[in-house]
Structure formats: structure tokens, C-alpha cells
Amino acid sequence: MQVILVGLPGAGKGTQAERIQSYFGIPHISTGDMFRRAVASGGELGQQVQSYLNSGRLVPDEITIKVVQERLVDEDAQRGFLLDGFPRTLEQADALDGMLTEIGKPIDAVLYIHVSEDVLLARLTGRRICRQCGTTYHVIFQPPKEEGVCDKCGGELYQRSDDSEEAVKTRLEQYKHTAPLIEYYRERGVLRQIDGLQPIEQVFEDVQAVLAAYA
Ligand code: AP5
Ligand code: ZN
């Protein structure tokens with residue numbers, strides 16, 4: 001099963017991706033996570049992308065496309081994958097089409113997690129992430145049992161550098177590059193819209209119902 005997740009920053013892509021990955025057993029490929037790991041490890045890629053990530057601007061297509069190209073040839077991606085945060089521009093969508101044609105794996109569904117912009121600032125500024133296992137929490141909507149500590153692994157929770165009010169503004173503004181993808185995939189008949197304003201577990205029930213057809 002080949003699935004793409006799209007939606008505004010904070011729509012709940014990563015939150016649903018964690019659940020989809022464990023329920024359907026397909027690898028979660030998040031360009032945001034890959035870039036954050038690259039920054040943390042301090043290598044060449046990390047240095048190239050750090051300023052884009054911190055400010056909330058999109059990383060140039062050339063860099064992003066190469067990272068995904070290299071990831072999709074990994075062995076685990078041969079059984080299918082869940083792309084989260086890619087593609088994000090029409091150029092990236094075009095490049096992805098080329099890659100998928102080459103490996104003979106068409107897109108089954110593009111899940112569009114639809115939310116209204118007014119909920120996003122509260123979602124993003126309240127988000128906390130486990131440093132060790134990457135699980136996502138929210139101080140109000142999905143709080144850990146003990147403040148600042150991951151339920152799953154006991155790891156420390158941290159706040160992303162681009163979850164400041166200023167960077168969130170830039171990220172929402174940058175979404176203008178991504179919005180045209182909704183029509184692009186709708187016209188191809190693969191877009192499936194999900195109401196992302198519902199509670200997390202209800203959103204996941206809707207996601208499961210859509211993806212059951214491809215499992
Ligand atoms: P990326 O990591 O992809 O960030 P994003 O798209 O801004 O998405 P987020 O991770 O912020 O939101 P999400 O939808 O996953 O929300 P989440 O589930 O965590 O990209 C980061 C940066 O990397 C970009 O700015 C760019 O610089 C670069 N980049 C990445 N990909 C790129 C690309 N393809 N091209 C160019 N540059 C790229 O939820 C948010 C919070 O809300 C959480 O706390 C969660 O607990 C809570 N929540 C989730 N669902 C609900 C719900 N239903 N109800 C209440 N709370 C909820
Ligand atoms: Zn953890």
C-alpha cells in the first residue's frame with residue numbers, strides 16, 4: 001500500500017502516521033523527521049537544511065527530492081510506504097510520479113487531513129515530542145501521564161524549534177506552495193478527505209475505514 005498524507009502544519013499528519021504505521025505495518029517516511037535527524041547529527045545535509053527548518057521555510061526541491069529518492073530504494077519501502085510531508089510542491093509531486101513509475105508502485109490514496117486554520121497555533125505551540133522514541137504529545141489534547149516524560153519509553157519531551165509563534169506563521173504562509181496539490185490529486189481520483197477537527201482516535205477510525213480498501 002502506497003499512501004500520502006497531506007494537510008496544514010499541525011493538521012495531525014504525524015499523529016496519524018504513528019498509528020497507521022503500527023496498524024498497517026508500512027514504514028512511515030517523513031521528510032520533516034529525516035531533516036530533523038540530519039540537523040541533530042550535524043552532517044552536511046543537516047547544515048544545508050537547518051536554517052530552513054528553524055525559520056519554517058521549505059527546503060529547496062532539489063535537496064528534498066534527492067532525500068526521498070534515496071529513501072524509497074531501501075528494502076523496507078518495497079512492501080509499501082506512508083509519505084508524510086512529501087510531496088509539498090508540484091515539482092516534488094512530479095518527481096514522485098517519476099520515481100513511482102520507475103519502481104512500478106502507484107499511489108493508492110492521498111489522505112487529506114482537513115482542519116481549519118484557527119486550531120493550529122494552539123496545537124503546534126502545545127506539541128511536545130519524545131527525544132528518544134519520537135512519540136508526539138500535546139500538553140492539553142494528548143498529555144503524557146507525567147509532565148515532560150514519555151509514557152512509552154520514559155524519554156524526555158521537547159518542543160520543536162519551529163513550533164514558536166513566529167515560525168508557525170511562516171509555515172502557514174508557506175502552505176501556499178502545497179495547497180495546489182489537493183486539486184492535483186483530486187483530479188487524479190486518489191484524494192480522500194478526512195475531518196481532522198475530530199478527536200485523535202476518531203480521526204484514526206476514519207483513516208482506517210479509508211485505508212482498509214488497500215490493505
Ligand atoms: P514537517 O515535520 O513535515 O512539519 P509540518 O508539515 O509543519 O507538520 P507538523 O509535523 O508540524 O504537523 P503534523 O500535521 O504532523 O501535526 P502533528 O500530528 O504533530 O516539516 C518541518 C519542516 O521541514 C518544514 O517547515 C520544512 O522546512 C521542512 N520540510 C519537510 N518536508 C519538506 C518538503 N517536502 N519540502 C520542503 N521542505 C520540507 O499534530 C500537532 C499537534 O496537535 C500535536 O501536539 C498533536 O498531539 C496534536 N493533535 C494532532 N491531532 C489532533 C486532534 N485531532 N485533536 C487535537 N490535537 C491534535
Ligand atoms: Zn518515548
Handout entry: Any donor-acceptor N or O pair under 3.5 Å, side chains R171, Y175
Key = no

What donor-acceptor contacts under 3.5 angstrom involve side-chain atoms of residues 85-93, with partners at least two apart or in another chain?
residue, atom, partner, partner atom, Å
R88, NH1, G85, O, 2.8
T89, OG1, D61, OD1, 3.1
T89, OG1, D61, OD2, 3.4
T89, OG1, Q92, N, 3.0
Q92, OE1, R88, N, 2.8
Q92, NE2, D61, OD1, 2.9

N/O donor to acceptor pairs below 3.5 angstrom from side-chain atoms of residues 202-215, sequence neighbours left out:
residue, atom, partner, partner atom, Å
D206, OD2, Q198, NE2, 2.9
Q208, NE2, Y23, OH, 3.4
Y214, OH, R192, NH2, 3.3

Practice task
Could you tell me which residues satisfy salt bridge (Lys or Arg N to Asp or Glu O under 4.0 Å) with R19, sequence neighbours excluded, listed by chain and number?
Solution key: E201

Handout entry: Over 12 non-hydrogen atoms of neighbours within 6.0 angstrom of CD in Q159
Key = yes

Completion exercise
Residue set satisfying salt bridge (Lys or Arg N to Asp or Glu O under 4.0 Å) with R160, at least two apart, ordered chain then number -> D162

Exercise for the section: Please name all residues satisfying salt bridge (Lys or Arg N to Asp or Glu O under 4.0 Å) with K145, sequence neighbours left out, ordered by chain then number. Expected result: none

Handout entry: Qualifying ring-ring contact (aromatic ring centres under 6.0 Å, His included) pairs with a residue from residues 89-121, counting only residues at least two apart or across chains
Key = Y112-H114

Problem - No-hydrogen, no-angle side-chain donor-acceptor test under 3.5 Å, N54 and S161 - result: yes

Handout entry: Remaining members of hydrophobic cluster (4.5 Å side-chain criterion), Y137
Key = L157

Exercise for the section: Kindly write out the residues that satisfy salt bridge (Lys or Arg N to Asp or Glu O under 4.0 Å) with E18, not counting sequence neighbours, or none if the list is empty. Expected result: none

Exercise for the section: Quick one: which residue pairs count as a ring-ring contact (aromatic ring centres under 6.0 Å, His included) with a foot in residues 57-84, not counting sequence neighbours? Expected result: none

Show every donor-acceptor pair shorter than 3.5 Å between a side-chain atom in residues 67-78 and any protein atom, with sequence neighbours excluded, or say none if there are none.
residue, atom, partner, partner atom, Å
R71, NH1, D74, OD2, 3.3
R71, NH1, D76, OD1, 2.9
R71, NH2, D76, OD2, 2.9
Q78, NE2, L72, O, 3.3
Q78, NE2, V73, O, 3.4
Q78, NE2, D74, O, 2.8

Problem - Under 3.5 Å donor-acceptor, D84 side chain and I29 backbone - result: no

Identify all side-chain donor-acceptor contacts of residues 34-44 below 3.5 Å with residues at least two apart in sequence or on another chain.
residue, atom, partner, partner atom, Å
R36, NH2, D33, OD1, 2.8
S41, OG, R37, O, 3.3
S41, OG, A38, O, 3.2

Exercise for the section: Give a yes or no on whether the backbone of I200 and the side-chain of Q16 come within a donor-acceptor separation of less than 3.5 Å. Expected result: yes

Exercise for the section: Under 4.5 Å between side-chain heavy atoms, chaining through other members, with only Ile, Leu, Val, Met, Phe, Trp and Tyr counted: pull out the rest of the cluster around Y158, sorted by chain and number. Expected result: I129

